[in-house]
Amino acid sequence: MSGIYRGLVSYGDREFSRYLRRTFLHASGRSPESLDRPVIGIATSASDFNPCHRQQPELVNSVAHGIIAAGGLPMEFPTISLRESFLEPAAMVYRNLMAMDVEALGMARPDSAAAPAVHADRLR
């Protein structure tokens, strides 16, 4: 299985599981042809708490266009947003949680690969 049909949830009827995924994604504006492409997740950490993320939407959009040009199906998903000045005791405490979030959700979804578009204020 590839594309959106990878790692289907079992409802006791494989075709029903395929139908649900196909219908939900088609309703969100995806073309039926695009659903057979490899799914490439785009992790984004954009947040209003992070002024340094103000260009994040443009970055994610550019990454998505590149994925489409390469024959993939881009699927954006949020991850934890870390900003040193808004976290107690420090952002460092949560960086591993962010990595675990991206990794665990990447394995749970039908992603063939992931393109992290995340930013940490201390990693410039």
Side-chain angles (χ1 to χ4, degrees):
M1 287 285 153
S2 65
I4 63 161
Y5 304 116
R6 189 174 142 191
L8 287 171
V9 177
S10 176
Y11 296 105
D13 181 349
R14 188 165 192 75
E15 286 307 309
F16 179 70
S17 297
R18 290 172 58 93
Y19 166 79
L20 279 180
R21 283 202 183 167
R22 185 175 57 249
T23 302
F24 285 136
L25 289 175
H26 185 65
S28 72
R30 306 258 196 280
S31 69
E33 305 81 44
S34 71
L35 303 182
D36 291 326
R37 297 177 180 173
V39 176
I40 310 300
I42 304 173
T44 178
S45 61
S47 166
D48 288 341
F49 281 106
N50 278 322
C52 57
H53 289 179
R54 65 186 175 277
Q55 279 103 14
Q56 199 82 346
E58 292 88 357
L59 172 64
V60 169
N61 191 38
S62 295
V63 170
H65 283 295
I67 290 169
I68 292 167
L73 175 62
M75 300 288 285
E76 179 182 341
F77 65 95
T79 187
I80 298 167
S81 187
L82 305 175
R83 177 67 181 178
E84 192 69 44
S85 58
F86 287 102
L87 293 172
E88 176 67 32
M92 180 178 66
V93 176
Y94 303 100
R95 288 189 182 125
N96 194 42
L97 183 60
M98 180 188 210
M100 290 169 40
D101 172 46
V102 172
E103 182 181 6
L105 289 178
M107 292 188 310
R109 288 188 312 264
D111 300 2
S112 296
V118 298
H119 181 272
D121 59 342
R122 297 276 183 144
L123 302 175
R124 293 190 185 152

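Quick caveat, the model's predicted, so the values are computed rather than measured.
Using a 4.5 Å cut-off on side-chain heavy atoms (C-beta onward), Arg37 and Arg30 make no contact. Side-chain contact between Glu76 and Val63 is absent, with no heavy atoms from C-beta onward closer than 4.5 Å. When side chains are defined from C-beta on, Met75 does not count as touching Ile42, because their heavy atoms never get closer than 4.5 Å.
For the pair Thr23 (side chain) and Tyr19 (backbone), a donor-acceptor distance under 3.5 Å is present. Side chain of Ser34 to main chain of Leu73: no donor-acceptor pair is present (N/O by atom type, distance under 3.5 Å, no hydrogens or angles). Here the side chain of Arg21 pairs a donor or acceptor atom with the backbone of Ile4 at under 3.5 angstrom. The backbone N or O of Thr79 sits nowhere less than 3.5 Å from a side-chain atom of Ser45 that would complete a donor-acceptor pair.
Around the CG atom of Asp13, the shell of radius 6.0 Å holds more than 12 heavy atoms that belong to other residues, nucleotides or ligands.
The shortest heavy-atom contact between Pro38 and Gly71 is CD-O, 3.5 Å.
Partners of Arg109 under the salt bridge (Lys or Arg N to Asp or Glu O under 4.0 Å) rule, at least two apart in sequence or in another chain, are Asp111. Under the side chain to side chain donor-acceptor pair (under 3.5 Å) criterion, Ser47 pairs with no residue at all, not counting sequence neighbours. For Glu33, the salt bridge (Lys or Arg N to Asp or Glu O under 4.0 Å) criterion is met by no residue, not counting sequence neighbours.
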